[in-house]
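Please read the structure below before turning to the comments.
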Amino acid sequence: LHFPSSGALERVENSSLSHHVPASPQIPGAGLAGYFWSLSTVHDSHCTWVDVETITSDPDQPPYGRMQLLQEAGFGKATGVPFNVNGQHKGVVLYLARPTANTQTLQDETNDAFLRYAAHTIGSTVA
């Protein structure tokens with residue numbers, strides 16, 4: 001079945017849909033979360049923004065439906081910020097941007113700091 005890109009994000013978000021694609025644990029290196037988990041540490045000094053297509057077109061990436069749907073929904077850039085709780089590396093918060101977003105603006109020092117603080121807040125809340 002082919003669903004138009006306008007419904008791609010709904011397939012990720014709306015668990016009541018029969019064609020919903022739920023999240024599943026990702027091993028390091030696989031999927032967006034796994035990709036950024038394998039690249040990052042809690043001591044990274046800045047966010048690394050990557051074109052989502054670079055990840056989805058990588059022949060070494062196992063197929064992951066949610067990642068494809070996020071790309072279809074119009075997200076073209078992604079970064080992952082690791083968080084820790086009580087000194088233990090616990091997870092990665094993903095941030096997405098449209099493909100036309102200015103990378104220099106995304107990597108601005110103020111934006112970067114905001115994303116990192118937000119990731120730690122999100123991480124400590126869900127951990």
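- Here the side chain of R11 pairs a donor or acceptor atom with the backbone of H19 at under 3.5 angstrom.
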- Task: Let me see the working for R116 and C47 under side chain to side chain contact (heavy atoms under 4.5 Å, CB included), right down to the final yes or no.
- Result: CA-CA 8 Å; R116 291 186 167 285; C47 298; 4.3 Å; yes

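- A pairwise comparison of heavy atoms in G80 and L94 identifies CA-CD2, 4.1 Å as the closest pair.
- Scanning all heavy atoms of the two residues, the minimum distance from V21 to R66 falls at O-NH1, 2.6 Å.
- Between T103 and K77, the closest heavy-atom pair is OG1-NZ, 2.7 Å.
- Scanning all heavy atoms of the two residues, the minimum distance from M67 to I55 falls at SD-CG2, 3.5 Å.
- Nearest heavy-atom pair across W49 and A97 is CZ3-CB, 3.9 Å.
- Residues Y35 and D58 form no side-chain contact, since every pair of their non-hydrogen atoms from C-beta on lies 4.5 Å or further apart.
- When the side chain to side chain donor-acceptor pair (under 3.5 Å) test is applied to Q61, no partner is found at least two apart in sequence or on another chain.
- Residues that satisfy the side-chain contact (heavy atoms from CB on, under 4.5 Å) test with V93, not counting sequence neighbours, are F83, Y95, A119, I122.
- Within a 6.0 Å sphere centred on CD of E53, heavy atoms belonging to other residues, nucleotides or ligands number 12 at most.
- Here the straight-line distance linking atom CD of Q107 with atom CG of L115 works out to 11.0 Å at 0.5 Å rounding.
- At a threshold of 4.5 Å between non-hydrogen side-chain atoms, the residues T79 and V50 do not count as touching.
- Note that the OG1 atom of T105 and the CG atom of N111 stand 8.5 Å from one another [nearest 0.5 Å].
- Looking at residues two or more places apart in sequence or on another chain, you find a side chain to side chain donor-acceptor pair (under 3.5 Å) between S16 and N14.
- The OG1 atom of T56 sits 11.5 Å away from the CG atom of L69 when rounded to the nearest 0.5 Å.
- In the hydrophobic clustering of ILVMFWY residues, with side-chain heavy atoms under 4.5 Å counting as a link, V81 and V52 come out apart.
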- Dump the intermediate steps for side chain to side chain contact (heavy atoms under 4.5 Å, CB included) on L32 and Y64, then the final yes or no. CA-CA 9 Å; L32 285 175; Y64 186 57; over 6 Å; no

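- Using a 4.5 Å heavy-atom cutoff, the side chains of P99 and D51 are not in contact.
- In the hydrophobic clustering of this structure, L106 groups with F114; members are Ile, Leu, Val, Met, Phe, Trp, Tyr whose side-chain heavy atoms approach within less than 4.5 Å, directly or through other members.
- Counting all heavy atoms, side chain and backbone alike, E72 lies closest to A8 at CB-CB, 3.8 Å.
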